[in-house]
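A short write-up of the structure that comes next.
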Amino acid sequence: MTAIRLYNTRTRSKEEFTPFDPRNVRMYVCGPTVYDRAHLGNARPVVVFDTLFRLLRHVYGEEHVTYVRNFTDVDDKINATALARQEAGAVGTLEELIHQRTEETIGWYHADMDALGALRPTAEPRATQYIGAMVAMIEGLIERGHAYEVSGHVLFDVRSYPEYGRLSGRSVDDMIAGARVEVAPYKRDPMDFVLWKPSDASLPGWDSPWGRGRPGWHIECSAMSYELLGASFDIHGGGIDLQFPHHENEVAQSCCAHPGADFARVWMHNEMLLVESKKMSKSLGNFFTVRELLEQGYPGEVIRFVMLSTHYRKPMDWTAEKAREAKQALDDWMHLTCDLHPAPAEDFQADEKLLEALGDDLNTHLALTYLRALRSQPQKLLDHARFMGFLSDDARAEYNRAQASFVMSFGAGSTSRLAHLAQKMHALRAAAMASKDFAPVDALKSALIAAGVEVRMSKEGVELVPGAGFDPAKLEGL
RNA sequence: GGCGGGUUGGCGGAGAGGUUACGCAGCGGAUUGCAAAUCCGUGAAGACCGGUUCGAUUCCGGUACCCGCCUCCA
């Protein structure tokens, strides 16, 4: 069995991965808050942990890996969007408008992440489906003396959990010293965080022992991971910016609610995405969405390739140049493999070298280097690229559709416009060879290149290949 | 202020205490009427200062600079 070593944020070291139960390897990854289109930064953990999911499925068997990624559909930004729609005259109750908004966003998210070649997780729970589990967990925390109720709020008492701060390497005292936020007066300790907060009539709420309200941000992941994966599971992933406070608080809640269990054994955090060397973030406003990129003509697999060309624990700068290189490599692979048939997934056995690269804390860059070396073995390249999430059925279909639509618009075989031009070119060239006057040949060649056609000439004949910027209209009159 | 991470050739980006990363770009060659595509070959690095070592870009310490978290965020 392939050895997998993963960097564990909790211990700050690379460790050999040993699942609690090899027949049910369990991974939880923090998913999106569904109030708007996913930006490119949101896509990084999706692609990274999708690659890990694929590796785990290959090593332990498809049926033996459970991957949970949540949708946060309780959030004040969602409420605000719904409220704005209502004020703009949208029909329906606030709850209906909120539901509409989250449904719509989840649909976008699925479409965008599918385009990146990411497999759907085993389960995608929504916070609103687990309010009962959250309330139960909060009640348990109060009973055990780890949480307290104050004026409709329930707060977690960080001083009741001595390990608080261990995951993110901070001490409560240091954090208080450097605190930049105003502290709510009802908190026993400035670092105490909200488990439950009251909702007024203009906000969505659920009945609870503490009145009508809604959960704090962190409790949902604790409740859903417990319900779907148990008190102890193998891997918890997410962006490094979630390490504190989100994951720290998750650890505190879960470990206090289920003493004796491990919660997540391995914590994995992907680094941030940069744009122009600055972190892409909502507050800086320098983010763009996956959809925008797709619409600009960057195929999803190109985005995936760029993502995987940088190790997940390093910041990654998104640049047009990287996208260009990725596209070049993928086009080349597609061209080499478009006529081959992929091996059925169940028969595929990945090469040990590729598995070693991925098993070494997801060295995806090395894995891509391995794929590149497979140029001379197209069948092997096709199967291994597909294992990595490239050259998918969709991408191959799209490629073939593009080829077909080209034939469609010009007619097939010798009557095709380009074939005709190729013949013309060939004849002109043959004449030029004799007359030594190449001007007419060069003129036609220039016109073809201007139309986005690549001109390949050899002794055997002339081959015309339409490129990315191919414009059939420019062929008129040639 | 507290905590964490980074600094590799023109660009991107890995591994390894000593032996070619790789890709892109460049250069040279084959090929071509000239090109394109393809193939072959090739130069170029390890922020700075110390230490450990027979030997460090790789380990340790310091300096500088950059970045992130501590506030919604993947």
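A, B, ... follow the sequence lines: proteins, then strands. Residue 1 opens every chain.
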For a ring pair (Phe, Tyr, Trp, His ring centres under 6.0 Å) check, start with the C-alpha distance between Y109(A) and F71(A), then their side-chain angles and the critical distance, and finish with the verdict. CA-CA 10 Å; Y109(A) 187 80; F71(A) 284 119; 5.5 Å; yes

For the pair F233(A) and F263(A), name the ring-plane relationship: parallel under 30°, tilted 30 to 60°, perpendicular over 60°. perpendicular

Whole-angstrom distance between rG18(B) and rG10(B), as gauged at atom C1': 28 Å

What does R429(A) touch in the nucleic acid at a heavy-atom separation under 4.0 angstrom: a base, only the sugar-phosphate, or nothing? base

What is the nucleic acid contact for G238(A), judged by heavy atoms within less than 4.0 Å: base, sugar-phosphate only, or nothing? sugar-phosphate

Does R159(A) make a cation-pi contact with Y164(A), if we ask for NZ or CZ under 6.0 Å from the ring centre and within 45° of the axis? no

Taking the six-membered ring where the residue is Trp, are the ring centres of H146(A) and Y161(A) under 6.0 Å apart? no

With C1' as the reference atom in both, quote the distance from rG28(B) to rA47(B) in angstrom, rounded to an integer. 33 Å

Where are the stems of RNA chain B, defined as at least 3 consecutive Watson-Crick or wobble G-U pairs with both distances under 3.5 Å? B:1-7 with B:64-70, B:10-12 with B:22-24, B:26-30 with B:38-42, B:47-51 with B:59-63

Partners meeting side-chain hydrogen bond (donor to acceptor under 3.5 Å, both in side chains) with N79(A) (sequence neighbours left out): D76(A)

Rounded to whole Å, how long is the line connecting atom CG of N249(A) with atom P of rU71(B)? 11 Å

Let's see if you can work this out: which of rC73(B), rG33(B), rA14(B) has an atom nearest to the side-chain heavy atoms of H311(A)? rA14(B)

Salt-bridge test for D75(A) and R101(A): reply yes if a basic N is under 4.0 Å from a carboxylate O, no otherwise. no

Nearest-neighbour nucleotide for the T369(A) side chain, rG4(B), rG15(B), rA21(B) considered: rA21(B)

Residue E325(A), side-chain heavy atoms: nucleotide from rA35(B), rC24(B), rG4(B) that is nearest: rC24(B)

Is there side-chain contact between I303(A) and L294(A), with heavy atoms separated by less than 4.5 Å? yes

Out of rA74(B), rG15(B), rG4(B), which nucleotide sits closest to the side chain of N363(A)? rG15(B)

Take atom CD of E321(A) and atom P of rC11(B), then tell me their distance rounded to the nearest Å. 12 Å

Regarding L273(A), tell me which of base, sugar-phosphate or nothing describes its non-hydrogen contacts under 4.0 Å with the strands shown. base

At 4.0 Å (heavy atoms only), tell me whether D317(A) reaches a base, stays on the sugar-phosphate, or touches nothing. nothing

Just N and O in the side chain of K314(A): are any of them under 4.0 Å from OP1 or OP2 of rA14(B)? yes

For V441(A), answer base if it contacts any base atom (sugar-phosphate contacts may also be present), sugar-phosphate if it contacts only those atoms, and nothing otherwise; contact means non-hydrogen atoms under 4.0 Å. base

Within 45 degrees of the ring normal and closer than 6.0 Å to the centroid, is that where the cationic atom of K77(A) sits relative to Y35(A)? yes

Nearest whole angstrom, please: distance from the P of rG33(B) to the NE2 of H426(A). 12 Å

Could you give the distance separating rA14(B) and rA21(B) at their P atoms, to the nearest angstrom? 16 Å

Does a side-chain N or O of S309(A) approach OP1 or OP2 of rG13(B) to a distance below 4.0 Å, or not? no

If the C1' atom of rG12(B) is compared with that of rC54(B), how far apart are they to the nearest Å? 36 Å

Quantified in whole Å, what is the P atom distance between nucleotide rG5(B) and nucleotide rG62(B)? 13 Å

rA37(B) versus rU20(B) - spacing of their P atoms, nearest Å: 30 Å

Could you list the residues that satisfy salt bridge (charged side-chain N to carboxylate O under 4.0 Å, His left out) with R265(A), not counting sequence neighbours? none

Hey, does F244(A) reach any base, or is it just sugar-phosphate, or nothing, if we go heavy atoms under 4.0 Å? sugar-phosphate

For the pair made of CG in D241(A) and P in rG5(B), what is the distance, rounded to whole Å? 17 Å

In whole angstrom, what separates R313(A)'s CZ from rA74(B)'s P? 22 Å

Set of residues satisfying side-chain hydrogen bond (donor to acceptor under 3.5 Å, both in side chains) with respect to T128(A), sequence neighbours excluded: D73(A)

Given rC34(B), rA14(B), rC70(B), identify the nucleotide with an atom nearest to the side chain of L366(A). rA14(B)

Which of F287(A), W318(A), W108(A) passes ring pair (Phe, Tyr, Trp, His ring centres under 6.0 Å) with H39(A)? It is F287(A)

Nearest-angstrom distance from the residue atom CG of L444(A) to C1' of rA35(B): 14 Å

May I ask you to evaluate whether R324(A) reaches the phosphate of rC24(B), defined as a side-chain N or O under 4.0 Å from OP1 or OP2? no

Which is more 5' along RNA chain B, the nucleotide nearest H246(A) or the one nearest Q243(A)? Just name the residue. Q243(A)

Do NZ/NE/NH1/NH2 and the carboxylate oxygens of R324(A) and E321(A) come within less than 4.0 Å? yes

How far does the C1' atom of rA74(B) sit from the matching atom of rG41(B), given to the nearest Å? 45 Å

Taking the six-membered ring of F387(A) as reference, does the NZ or CZ atom of R54(A) fall below 6.0 Å from its centre and within a 45° cone about the axis? no

With heavy atoms under 4.0 Å as the rule, sort S171(A) into base, sugar-phosphate or nothing. nothing

Using whole Å, report how far CG of L358(A) lies from C1' of rA14(B). 14 Å

With a 4.0 Å cutoff (strictly under), does any side-chain N or O of K322(A) reach OP1 or OP2 of rG13(B)? yes

Do the two ring centres, one from H311(A) and one from H365(A), sit under 6.0 Å apart? no

Rounded off to whole Å, could you give me the CG-to-C1' distance for the L274(A) and rC73(B) pair? 14 Å

Closest of rC24(B), rC70(B), rA74(B) to the Q328(A) side chain is rC24(B)

Using a cut-off of 4.0 Å on non-hydrogen atoms, how would the nucleic acid contact of R372(A) be classed: base, sugar-phosphate, or nothing? sugar-phosphate

Any side-chain donor paired with an acceptor under 3.5 Å for S222(A) and E250(A)? no

Which part of the nucleic acid does K77(A) contact within heavy-atom distance under 4.0 Å: base, sugar-phosphate only, or nothing? sugar-phosphate

Rounding to the closest angstrom, what is the interatomic distance between rG15(B) and rG9(B) at atom C1'? 16 Å

Would you tabulate the pairs of protein nitrogen or oxygen atoms and nucleotide nitrogen or oxygen atoms of nucleotides 36-45 of chain B closer than 3.5 angstrom?
unit_1  : atom_1 : unit_2  : atom_2 : d
rC39(B) : OP1    : R375(A) : NH1    : 3.1

Identify, residue by residue, the members of residues 101-118 of chain A with a heavy atom below 4.0 Å from RNA chain B, and return them in order of residue number, or none. none

